[in-house]
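In each ligand, atom 1 is the first atom listed, and ligand 1 is the first ligand listed.
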Amino acid sequence: MIEQTLVLIKPDGVARGLIGEVISRFERQGLKIIGMKMQWVDKEFAGKHYAEDIVKRLGEKLRNFLLDFIVEGPVVAIVLEGVHVIENVRKIVGDTEPKGAQPGTIRGDYCHVSYDYADKEEKAIRNLIHASGNKEDAKNEIELWFTKEELHDYPHSQDKFTR
Ligand code: AMP
């Protein structure tokens with residue numbers, strides 16, 4: 001049940017100076033950071049993260065908006081480990097659409113825009129964070145963003161409560 005997940009603090013979160021705030025929320029939940037780096041990706045790399053297959057679900061236009069957004073500036077990529085971490089992280093991050101994200105979640109506290117607004121502006125919604133959606137995505141995304149050497153196993157104060 002101990003899982004790993006990928007979190008990206010997207011270019012809006014980095015540019016707004018919210019890196020520390022976001023990381024502290026995961027740390028205070030007792031999640032273990034096992035990998036972390038800042039990276040400014042290019043379109044080719046972005047195309048692997050938002051792979052062709054999302055076109056079926058989102059359409060070509062929205063995929064292009066997402067690609068444009070993720071290359072706007074550096075992102076902070078983090079691999080978190082914990083019990084049911086995929087679900088727990090998505091709970092802390094809040095709904096994908098900031099307008100509907102509950103107060104107390106990262107998106108609910110730090111952004112507010114709607115899909116309608118982003119669509120009208122013809123851009124991806126600035127929602128601060130990407131968090132893997134399920135186990136398969138988490139595995140693929142971690143492999144894309146991190147080498148094995150960049151992921152660290154070390155004793156953490158939470159281990160005795162979670163292991
Ligand atoms: P993520 O995979 O966490 O980076 O978030 C991307 C998700 O945001 C997509 O799955 C879309 O559902 C959603 N999204 C982003 N921008 C828009 C937009 N302008 N209109 C509708 N959905 C959007």
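Protein heavy atom closest to atom 18 (C) of ligand 1, with residue, atom name and distance, is Asp119 OD1, 3.2 Å. Annotation: atom 9 (C) of ligand 1 to nearest protein heavy atom, Leu58 CD1, 3.8 Å. With respect to atom 16 (N) of ligand 1, the closest heavy atom belonging to the protein is Ile125 N, 2.9 Å. Considering only non-hydrogen protein atoms, atom 1 (P) of ligand 1 sits nearest to His130 ND1, 3.2 Å. Nearest protein heavy-atom contact of atom 4 (O) of ligand 1 is Tyr50 OH, 2.4 Å. Given atom 17 (C) of ligand 1, the protein heavy atom at minimum distance is Leu62 CD1, 3.3 Å.
Two residues are said to be in side-chain contact when any heavy atoms from C-beta on lie closer than 4.5 Å; Lys99 and His112 fail this criterion. The closest side-chain heavy-atom distance from His156 to Ile33 is not below 4.5 Å. Between His49 and Leu6 the shortest side-chain heavy-atom distance falls below 4.5 Å. The closest side-chain heavy-atom distance from Ile125 to Phe65 is not below 4.5 Å.
The shortest non-hydrogen separation linking Leu151 to Val79 is CD2-CG2, 3.7 Å. Between Leu80 and Val85, the shortest heavy-atom distance links the atoms O-CG1, 3.9 Å.
For a threshold of 3.5 Å applied to N or O pairs, the pair formed by Asn127 and ligand 1 contains no separation below that value.
Between the choices Tyr115, Phe69, Tyr117, the shortest heavy-atom distance to atom 21 (C) of ligand 1 belongs to Tyr115.
Atoms of ligand 1 lying under 4.0 Å from at least one heavy atom of Thr96, given by number and element, are 7 (C), 8 (O), 13 (C). Every atom of ligand 1 with a heavy atom of Leu66 under 4.0 Å away is listed here by number and element: 6 (C), 15 (C). Atoms of ligand 1 found under 4.0 Å from any heavy atom of Lys10 (numbered from 1 in listed order, with element): 1 (P), 3 (O), 4 (O), 5 (O). Atoms of ligand 1 lying under 4.0 Å from any heavy atom of Ala124, numbered from 1 in the order shown and given with element: 16 (N). Applying the 4.0 Å criterion to heavy atoms of Ala118 picks out, from ligand 1, the atoms 19 (N).
Every residue meeting the side chain to side chain contact (heavy atoms under 4.5 Å, CB included) condition with Asp12, not counting sequence neighbours, appears here in chain and number order: Lys10, Phe69, Arg126, Leu128.
Applying the salt bridge (Lys or Arg N to Asp or Glu O under 4.0 Å) test to every pair with at least one member in residues 34-43, sequence neighbours left out, gives these pairs: Lys37-Glu150, Lys43-Asp68.
With 3.5 Å as the limit, one finds no donor-acceptor pair spanning the side chains of Asn64 and Lys61. A donor-acceptor contact closer than 3.5 angstrom links the side chains of His130 and Glu141.
Counting heavy atoms under 4.0 Å from ligand 1, residue Ile70 does not touch it at all.
In this structure, Glu122 has no heavy atom closer than 4.0 Å to ligand 1.
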